[in-house]
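Some notes on the structure that comes next.
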Amino acid sequence: MSREKSFNDRLWDFFCSLKLAIVTLILLALTSIIGTIIEQNLPPQEYMQKYNMSESTYKTLDSLQFFDMYHSYWFLSLLGLFAVNLICCSIKRLPRIIKTVREPVLVADDGLFRTFSNKEEIVTGGTIESVRDKIVTLLGKKFAKPIVTEQDGKVYLFAQKGAFSRFGVYLTHSSILIIFLGAMIGNVWGYKAYVNIVEGKSVNQVWPRAGEQPIPLGFDVRCDNFEVTFYEGGGRPKEFSSDLVVLENGQEVLKKTIEVNDPLSYKGLTFYQSSYGPAGDPVYQFSVKNRETGETVEVTGVQGRHLPLPGGASLIAMGYADNYQNLGPAAQVSIDTGGHQHGTPFIVFKNYPQFDAKRGGAYSVTLRDVQQTYYTGLQVAKDPGVWVVWVGCLFMVLGSCSAFFFSHRRIWVSIQAINKGIGVKFGGAAHRNQPAFALFFDELKQEFDDTLSS
């Protein structure tokens with residue numbers, strides 16, 4: 001009659017269960033979809049506007065921590081449950097694996113040989129000692145140096161290779177736990193934030209995505225210049241970059257031009273190029289010719305201002321495009337002939353100074369230049385656990401290579417005197433990749449035949 005398991009035994013079996021591991025992994029995969037579909041850590045108004053949800057719906061989802069899922073109690077609980085399951089499974093199996101490696105079966109009896117799918121028997125001449133010496137030399141050359149055991153007038157040999165590969169799975173398990181640890185360190189002591197820096201200006205703090213109080217950097221970051229280039233047609237940005245300078249106590253300590261996927265890193269913080277936009281009104285420079293008198297004047301001013309012209313009229317810059325209809329920089333302007341009577345707006349191009357000459361009217365306008373100041377939008381990430389994650393990834397690669405590309409291979413040999421001479425029985429096994437071991441064993445059988453028949 002079997003003894004009823006105690007509560008502790010049932011609890012231990014629960015945490016060592018393979019079903020628990022499968023269910024936990026499925027739940028982690030399904031809940032991670034939430035973090036993929038729903039953008040995390042946005043302001044409440046942006047969630048309600050972007051997903052067209054009511055305030056009550058937002059409060060319900062927020063109470064479930066769907067908007068900060070990776071810090072939620074239920075997601076962290078799933079990770080913790082999976083980690084405990086992984087540790088318990090490893091502890092349960094580890095003593096048996098250690099015993100297999102450190103205390104191998106050195107003497108193979110008939111029962112053990114019957115379990116081998118790879119085995120062979122040979123009858124040869126000579127003495128037990130001479131046959132033993134030949135096989136020891138052969139195994140040492142073709143496989144591994146064997147352990148020799150003499151018992152009851154028989155000689156037993158045991159050789160093994162790749163015993164370390166049995167621990168590959170534990171290296172992989174450890175790597176997962178290390179990666180979890182690195183992620184937790186990043187979640188607790190790290191953050192993701194953003195900052196906008198106007199050209200020529202500097203900042204010393206950033207704003208977290210959740211819209212909380214700004215976080216001081218402990219140093220200044222200045223944007224000396226921002227550059228953007230566009231694709232031909234459509235005016236879509238092709239690439240943009242920022243010249244950033246890090247300052248400590250007013251002294252420049254680091255300079256770098258950052259682009260998308262080429263960030264700046266300093267003191268554990270990483271600044272990624274994310275966005276850009278105009279900062280303030282652009283400053284226009286025009287050349288205006290009075291057709292009647294032939295007089296040409298240069299005027300400069302910001303958008304929306306009346307720029308005086310000879311004869312009492314004024315020029316108004318109304319808008320600007322970096323690449324208008326694939327013709328380059330262009331400005332929309334109008335002429336106020338007096339009394340704030342605006343004329344029909346028209347377009348002038350920087351790359352085609354004679355374009356407006358065909359329009360007619362009292363004045364011919366040429367766009368000389370536009371000075372637009374931009375701000376650069378930066379994403380700022382602090383992740384002190386990133387190096388822990390990289391160590392975990394390295395362990396995972398090593399563990400996977402050990403588990404999938406190596407196997408624990410063992411050879412047993414029994415040598416005894418029989419009526420017809422010396423009987424040699426040998427067999428082997430591998431704990432994974434059996435087809436490859438079968439090919440190796442076939443070659444080894446031929447080596448045995450050749451060696452013992454010589």
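Quick note: numbers below take in every heavy atom, side chains included, and nothing from hydrogens, waters or symmetry partners. Note that the coordinates shown come from a computational prediction; the quantities given were computed from them, not determined experimentally.
- Under the 3.5 Å distance criterion, the side-chain polar atoms of W74 are left unmatched by any main-chain donor or acceptor of Q65.
- The minimum heavy-atom distance between N351 and P329, with the atom names listed, is ND2-CD, 3.7 Å.
- If you take OG1 on T36 and CE on M69, they are separated by 7.5 Å, rounding to the nearest 0.5 Å.
- Aromatic ring orientation, Y47 versus Y51: parallel (interplanar angle below 30°, classes split at 30° and 60°).
- The aromatic rings of F426 and F441 are tilted relative to each other, their planes meeting at an angle between 30° and 60°.
- Between F164 and F167, the ring center distance fails the sub-6.0 Å criterion.
- Side-chain contact between D369 and Q371: present, with at least one pair of heavy atoms (C-beta onward) separated by less than 4.5 Å.
- Between F240 and Y276, the ring planes lie tilted relative to each other; the angle falls in the 30° to 60° range.
- Under a 3.5 Å cut-off, the side chain of S17 and the backbone N or O of D13 do not form any donor-acceptor pair.
- Using a distance-only test at 3.5 Å, with no hydrogens or angles considered, a donor-acceptor pair links the side chain of S63 to the main chain of T60.
- With sequence neighbours left out, the ring-ring contact (aromatic ring centres under 6.0 Å, His included) criterion links F286 to Y284.
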message: Using salt bridge (Lys or Arg N to Asp or Glu O under 4.0 Å), reason through E443 and K142 one step at a time and then give a plain yes or no.
response: CA-CA 10 Å; E443 295 177 0; K142 297 295 184 180; over 6 Å; no
- prompt: Going through the distances and angles, do Q273 and S241 end up as a side chain to side chain donor-acceptor pair (under 3.5 Å)?
  reply: CA-CA 7 Å; Q273 182 68 73; S241 62; over 6 Å; no
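- By the 30° and 60° cut-offs, the orientation of the rings of Y266 relative to F219 is perpendicular.
- Side-chain atoms of Q379 never come within 3.5 Å of backbone atoms of Y272 as a donor-acceptor pair (strictly under, hydrogens ignored).
- Between the side chain of S402 and the backbone N or O of L398, no donor-acceptor pair lies under 3.5 Å.
- Note that the CG atom of L378 and the OG1 atom of T270 stand 12.0 Å from one another [nearest 0.5 Å].
- Between F143 and R409, some side-chain heavy-atom pair lies under the 4.5 Å cut-off.
- Here the CG-CD1 distance, from L86 to I91, works out to 10.0 Å after rounding to the nearest 0.5 Å.
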- prompt: Should D442 and K445 be marked as a salt bridge (Lys or Arg N to Asp or Glu O under 4.0 Å) after you check the CA-CA gap, both sets of side-chain angles, and the distance that decides it?
  reply: CA-CA 5 Å; D442 288 341; K445 285 194 297 184; 3.6 Å; yes
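- T366 places a side-chain N or O within 3.5 Å of a backbone atom of P353 that can act as its donor or acceptor partner.
- Remark: F75 pairs with Y70 by the ring-ring contact (aromatic ring centres under 6.0 Å, His included) rule, at least two apart or across chains.
- Residues Y374 and E227 are not in side-chain contact: their nearest non-hydrogen atoms beyond the backbone lie 4.5 Å or more apart.
- No donor-acceptor pair closer than 3.5 Å links the side chain of Q332 to the backbone N or O of P345.
- Between F346 and V333 the shortest side-chain heavy-atom distance falls below 4.5 Å.
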- request: Check the pair V246, L264 against side-chain contact (heavy atoms from CB on, under 4.5 Å), reporting the backbone distance first and the verdict last.
  value: CA-CA 10 Å; V246 177; L264 177 148; 4.0 Å; yes
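- Using modelled atom types, one side-chain atom of T172 and one backbone atom of G168 make a donor-acceptor pair closer than 3.5 Å.
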